[in-house]
Number of protein chains: 2
Amino acid sequence: MIPTQMLKGTLEGCILGILSQKETYGYEISSQLAAYGFGTIPEGTIYPLLLRLEKNGLVSAAYRPSELGPRRKYYSLTPAGEAELQQFMQNYAELSRAVGNLLSALKGDTDHE
Amino acid sequence: MIPTQMLKGTLEGCILGILSQKETYGYEISSQLAAYGFGTIPEGTIYPLLLRLEKNGLVSAAYRPSELGPRRKYYSLTPAGEAELQQFMQNYAELSRAVGNLLSALKGDTDHE
DNA sequence: CCTGACTATTTTGTATTGCAAAGTACCTTG
DNA sequence: CAAGGTACTTTGCAATACAAAATAGTCAGG
């Protein structure tokens with residue numbers, strides 16, 4: 001299980017990433033995240049996050065009926081959202097490199113082998 | 001600059017990692033983090049975090065005088081701290097893999113090439 | 001018809017954690 | 001004695017993942 005604190009900041013970027021592929025809705029995003037290897041991200045996380053993204057203008061939303069259940073709220077990236085996604089990927093790469101540097105210094109000590 | 005939210009959870013693990021190499025003190029940890037590629041992590045982050053680690057029994061601490069300034073508080077990993085570090089590395093790998101999966105699906109679409 | 005299971009969203013409140021800001025204090029150098 | 005670098009502490013704040021409960025639609029089985 002990925003600890004909740006470690007998801008902070010990255011989860012938002014990941015959802016932007018999912019939305020960059022195709023417009024979709026909260027319940028579906030939840031199962032996609034599970035498929036990518038994040039555990040089960042609970043509703044209490046997904047939906048407030050999506051509302052926040054909408055409020056900040058990073059996504060736009062529209063309710064549409066479903067054939068087999070209650071209405072769905074479909075989200076899609078705005079230009080601001082795409083820019084934010086780019087920024088996220090850059091920031092994540094930076095973090096990833098820093099942590100990689102540190103962790104590789106622990107086991108290896110030697111930089112070759 | 002790595003956004004503050006994205007550091008949550010990982011920073012603690014990284015400091016445990018630094019302490020696993022050798023016992024050291026806050027001010028020095030700060031400069032090591034900078035060297036690894038985290039930006040400048042401010043004092044208001046480092047010191048409270050170290051106090052928290054101590055309170056939780058993951059590190060032990062001892063004041064020792066310095067030849068060229070005020071006394072230093074040296075920290076070293078406890079067995080519980082080492083265990084926590086192992087746990088962190090595992091969790092980080094899990095997160096890293098999940099985000100990698102997701103992000104690689106964005107540009108590539110194809111899983112080979 | 002009704003109960004349960006699955007789909008789907010919203011809202012309220014809580015805990016964790018990085019950070020800003022201010023203060024204390026030691027040492028060296030001009 | 002003032003200034004700057006070293007070194008630690010404390011208080012309070014902001015952001016965000018999550019738990020929990022409520023609402024509501026569809027469908028299958030009894």
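Each chain gets a letter, A, B and so on, in the order its sequence line appears, and its residues count up from 1.
Contact annotation for A:Lys73: backbone-only contact, meaning every heavy-atom pair under 4.0 Å involves sugar-phosphate atoms and none involves a base. B:Tyr74 comes within contact range of no nucleotide atom at all, as no heavy-atom separation falls under 4.0 Å. The residue B:Leu50 sits apart from the nucleic acid: no heavy atom pair falls under 4.0 Å. Residue-level contact check: B:Tyr63 touches the backbone only, with heavy atoms under 4.0 Å from sugar-phosphate atoms and none from bases.
For A:Ser104 (side chain) and A:Gly100 (main-chain N/O), a donor-acceptor pair under 3.5 Å exists by modelled atom type. Side-chain atoms of B:Asn91 never come within 3.5 Å of backbone atoms of A:Ile2 as a donor-acceptor pair (strictly under, hydrogens ignored). Side-chain N or O atoms of A:Thr78 include one that pairs as donor or acceptor with a backbone N or O of A:Leu58 at under 3.5 Å. Not a single donor-acceptor pair under 3.5 Å links the side chain of A:Ser96 to the backbone N or O of A:Ala93.
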In 5'-to-3' order, the base (B), backbone-only (S) or no-contact (-) status of each nucleotide in nucleotides 19-27 of chain D, using a 4.0 angstrom heavy-atom cut-off, is BBB--BBS-

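Between the C1' atom of D:dC8 and the CD1 atom of B:Ile29 lies a distance of 12 Å, rounded to the nearest Å. Distance CD1 (A:Ile41) to P (D:dT16): 15 Å, rounded to an integer number of Å. B:Arg52 has its CZ atom 17 Å from the P atom of D:dT11, to the nearest Å. Counting to the nearest Å, the C1' atom of D:dG5 and the CD atom of B:Glu28 are 15 Å from each other. Distance, A:Leu11 CG to D:dA17 P: 5 Å, rounded to whole Å. Regarding B:Ile46, its CD1 atom lies at a distance of 15 Å from the P atom of D:dT6, rounded to whole Å. If you take CZ of B:Arg64 and C1' of D:dT6, they are 17 Å apart, rounded to a whole angstrom. Between A:Leu7 atom CG and D:dT16 atom C1' the separation is 10 Å, expressed in whole Å.
Using a 4.0 Å cutoff to heavy atoms of chain A, the contacted part of DNA chain C runs 5' to 3' from C:dT7 to C:dT17.
Counting only heavy atoms from C-beta outward, the side chains of A:Cys14 and B:Val99 approach each other to under 4.5 Å. At a threshold of 4.5 Å between non-hydrogen side-chain atoms, the residues B:Glu84 and B:Glu12 count as touching. Side chains of A:Tyr47 and A:Tyr27 form a contact here, defined as non-hydrogen atoms less than 4.5 Å apart. Considering only heavy atoms from C-beta on, B:Met6 stays 4.5 Å or farther from A:Met6 through its side chain.
Between D:dC8 and B:Arg72, no contact under 4.0 Å exists linking OP1 or OP2 to a side-chain N or O. One finds a side-chain N or O of B:Tyr47 lying less than 4.0 angstrom from the OP1 or OP2 phosphate oxygen of D:dC8. A sub-4.0 Å separation between OP1 or OP2 of D:dA7 and a side-chain N or O of B:Tyr25 is present.
Checked for salt-bridge contact, A:Glu28 and A:Arg72 miss the test: no charged N lies under 4.0 Å from a carboxylate O.
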A:Tyr75 and A:Thr24: CA distance, side-chain angles, deciding distance, side-chain contact (heavy atoms from CB on, under 4.5 Å) verdict: CA-CA 6 Å; A:Tyr75 292 92; A:Thr24 184; over 6 Å; no

